[in-house]
Amino acid sequence: MGLGGCIILIAVGAILTFATDWDMQGVNLDLVGVIFMIVGLIGVATFSSIARRRRVVMPPTTPVVEERPRTHTRDGYNNGYGA
């Protein structure tokens, strides 16, 4: 379950606890909502601790630039100082 699922659990739990006035025989919806919110908060805490532990900081790398020696060729058609 990812972070989105945990947030959905918290939202559904809050809706069941605070925004409904349904009465179901044998089921206390307020208690079910509180349980959903607690499970969602535990999931958010677990997800954030695992995500923090996985984060690896890599040092910035410096690009390597290789310089090739320049060779000037002189032939009958090119004087060696241009194209």
Side-chain angles (χ1 to χ4, degrees):
M1 179 169 52
L3 186 62
C6 296
I7 292 174
I8 289 173
L9 273 178
I10 294 170
V12 169
I15 290 170
L16 285 176
T17 302
F18 303 116
T20 59
D21 58 353
W22 300 331
D23 289 327
M24 293 180 66
Q25 191 174 12
V27 177
N28 186 354
L29 289 179
D30 291 338
L31 181 62
V32 172
V34 169
I35 291 171
F36 278 178
M37 287 190 288
I38 290 172
V39 169
L41 287 173
I42 291 171
V44 167
T46 305
F47 181 80
S48 64
S49 69
I50 290 173
R52 186 178 306 128
R53 195 175 311 142
R54 269 194 231 167
R55 191 176 308 147
V56 176
V57 177
M58 297 293 291
T61 59
T62 306
V64 177
V65 178
E66 295 181 17
E67 291 190 21
R68 289 181 265 161
R70 296 183 181 192
T71 59
H72 295 285
T73 59
R74 294 177 186 247
D75 54 7
Y77 302 106
N78 190 359
N79 63 4
Y81 295 110

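- In the hydrophobic clustering of ILVMFWY residues, with side-chain heavy atoms under 4.5 Å counting as a link, I15 and M24 come out apart.
- Legend: residues meeting side-chain contact (heavy atoms from CB on, under 4.5 Å) with S48, ordered by chain and number and at least two apart, are absent.
- Nearest approach of F36 to L9, heavy atoms of both residues: CB-O, 3.7 Å.
- Partners of N28 under the side-chain contact (heavy atoms from CB on, under 4.5 Å) rule, at least two apart in sequence or in another chain, are D30, L31.
- A search for side-chain contact (heavy atoms from CB on, under 4.5 Å) contacts involving A45 returns nothing, not counting sequence neighbours.
- I7 meets the side-chain contact (heavy atoms from CB on, under 4.5 Å) test with L3; sequence neighbours excluded.
- Linking Ile, Leu, Val, Met, Phe, Trp and Tyr whenever their side-chain heavy atoms come within less than 4.5 Å puts I8 and L29 in one cluster.
- The two atoms that bring M37 and T17 nearest to each other are CE-OG1, 3.7 Å, heavy atoms only.
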